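Structure, as structure tokens:
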Amino acid sequence: MSIVSLEHIKKSFDATPVLKDISLSVDEGEVVAIIGPSGGGKSTLLRCATLLETFESGSLAYGDLVVAHNNEQQHAVYGSRQTLSEARSRFGLVFQNFNLFPHYSVMRNITDAPIKVQKRNADEVKKQAKRLIARMGLEGKETMVPCELSGGQQQRVAIARALCMNPKMLFFDEPTSALDPELTQEVLKVIRSLAEDHMTMVIVTHEMAFARDVADRIIFMDGGVIVEEGPAHDLIEHPQHERTKAFLSRYDGE
Amino acid sequence: MDVSTMMGMLGNGFVATLQIFFLTLLGALPLGLLIAFLRMNTKGFHLRGVKIRPISLITQLYISIMRGTPLMLQLFVIYFAPYYVFGQQLTENSRFTATIVAFILNYAAYFAEIYRSGIQSIPRGQYEAAQVLGYSRAQTFVRIILPQVVKRILPPMTNEIITLVKDTSLAFAIGFVEMFTVAKSIVASQRTMAAFIAAGVMYYVFNLLVAFVMNHIEKKMNYYHD
């Protein structure tokens, strides 16, 4: 059974359609990269999947948990507040701008939600947080606040924060777009290691080489539709559609 | 009248001044937050394509009146309202009650706008991160948003609180006995300015203390920036 499944998603801002009948299903352990030009609907799709936006038509389910489904008029009907909150506990989201809590230390950024939201044992959460901090290469930074860290370090804290909730999968919304090339590499390294551990992930990215090497499957989106999708290497090296070819040609030599 | 007698009388008046000051803060700081929420309330309906938000509109009217008319006039209206509107006899205690009520209502309006400026300056991403992590709306506000708001609004709050210290003297207008009322009567009876000077020094020193405390809180919150 798929971890997350979106079917026939339609969404518009005012009268402008941004998602035109998009379907996407991700299996356990699968890494999916979403690429495409800005304004093509990638981020909106991710925001719909993570319940930061609502869609007008279509269905969304996390495993057997139906979050939204179409009624007879093909309007999406969302589940109860409880359903939405249960759904939120199944995924983590890493933002382009990190969105760490600036007034909390690194440790507290990671542990606050598991302790206060999930009501888990504080000592256990802190132990897990220490392991995650070590894994992210952030030892010694526990008591620092986000403004004392580089962008790459902040993004790794954000990844640890998402992981500490023990989600079944992670979404990344252009996780390196706010970083310079050097910091980008340290964040990509972490995501790569998560992929090696078979963490289920959906990554919106502009890093083509990274998408090719890490993703199992790549989806190319443009104009609110999935233009092309397929195994990562095939799509990057042998794109079938003209639009995909045109888009990828701009990344040649990377 | 010797100096110690005068200072004793002014001291008693100062206790009343402190009462107005602290009770106003105690009432207006939470009420201001509530008014800020009502002001930002988006519930409403569409009328000929224009969105009407009744709760927000009523709150805006309230803030506009409180800011647009003199506090001294508001003091008089609230002091005399029980008599002229409800036909109740005014007692000695009603001066105190009217003073506190008028100050809280007036200052809450100013505080509300300061809170609003702070709340609206917090980036959307903070709310989104909290939502994805499962924080309830109340948790998001108390744990994530409010601490950041407090840091951002400290400078304008310090301004308002210093103004409040001086505004307490307006209670003189409805005959409530606080430090300025005492100073005025001493000056009238003793035919010397000494009581005014002494009262002025006490207002000033108290405001120095307010500024010092607020500055200290600001420094404590400077462990991060964003």
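Naming: A, B, ... by sequence-line order, numbering from 1 per chain. Being a predicted model, the structure only gives us computed values, none of them experimental. Only this structure's heavy atoms are used, side chains among them; waters, hydrogens and symmetry mates stay out.
Heavy-atom distances place no part of A:Arg81 under 4.5 Å from chain B, backbone and side chain included. When heavy atoms are compared at a cutoff of 4.5 Å, B:Gln131 approaches chain A by way of both its backbone and its side chain. Only the side chain of A:Arg108 has a heavy atom closer than 4.5 Å to any heavy atom of chain B. Using a 4.5 Å cut-off between heavy atoms, A:Leu100 touches chain B through its backbone atoms (N, CA, C, O) alone.
Looking only at distances, no side-chain donor or acceptor of B:Glu128 sits under 3.5 Å from a matching main-chain atom of A:Leu52. Between the side chain of A:Gln118 and the backbone N or O of B:Gly134 there is no donor-acceptor pair closer than 3.5 Å. At distances below 3.5 Å, at least one donor-acceptor pair connects side-chain atoms of B:Tyr223 with backbone N or O atoms of A:His103. In this structure a side-chain-to-backbone donor-acceptor pair under 3.5 Å is missing from B:Tyr224 to A:Pro146.
Counting heavy atoms of neighbouring residues, nucleotides and ligands inside a 6.0 Å radius, atom NZ of B:Lys220 does not exceed 12 of them. In A:Gln82, the CD atom is not crowded: 12 or fewer heavy atoms of neighbouring residues, nucleotides or ligands sit closer than 6.0 Å. Within a 6.0 Å sphere centred on OH of B:Tyr204, heavy atoms belonging to other residues, nucleotides or ligands number 12 at most. Applying the 6.0 Å contact sphere to CZ of A:Phe13 captures more than 12 heavy atoms from other residues, nucleotides or ligands. Sparse packing is recorded around CZ of B:Arg137, with 12 or fewer heavy atoms of other residues, nucleotides or ligands lying under 6.0 Å away.
Taken from CG in B:Leu133 to CG in A:Asp112, the straight-line distance is 9.0 Å, to the nearest 0.5 Å.
For a heavy-atom cut-off of 4.5 Å, chain A lies close to B:Arg124, B:Gly125 in residues 99-125 of chain B. Contacts between residues 59-70 of chain B and chain A, counted as heavy-atom pairs separated by less than 4.5 Å, involve no residue at all.
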- Message: For A:Phe95 and B:Val132: C-alpha separation, side-chain torsions, deciding distance, then whether side chain to side chain contact (heavy atoms under 4.5 Å, CB included) applies.
- Response: CA-CA 11 Å; A:Phe95 297 87; B:Val132 169; 4.2 Å; yes
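Under the side-chain contact (heavy atoms from CB on, under 4.5 Å) test applied with A:Pro102, the options B:Lys151, B:Gln126, B:His225 reduce to a single match, B:Gln126.
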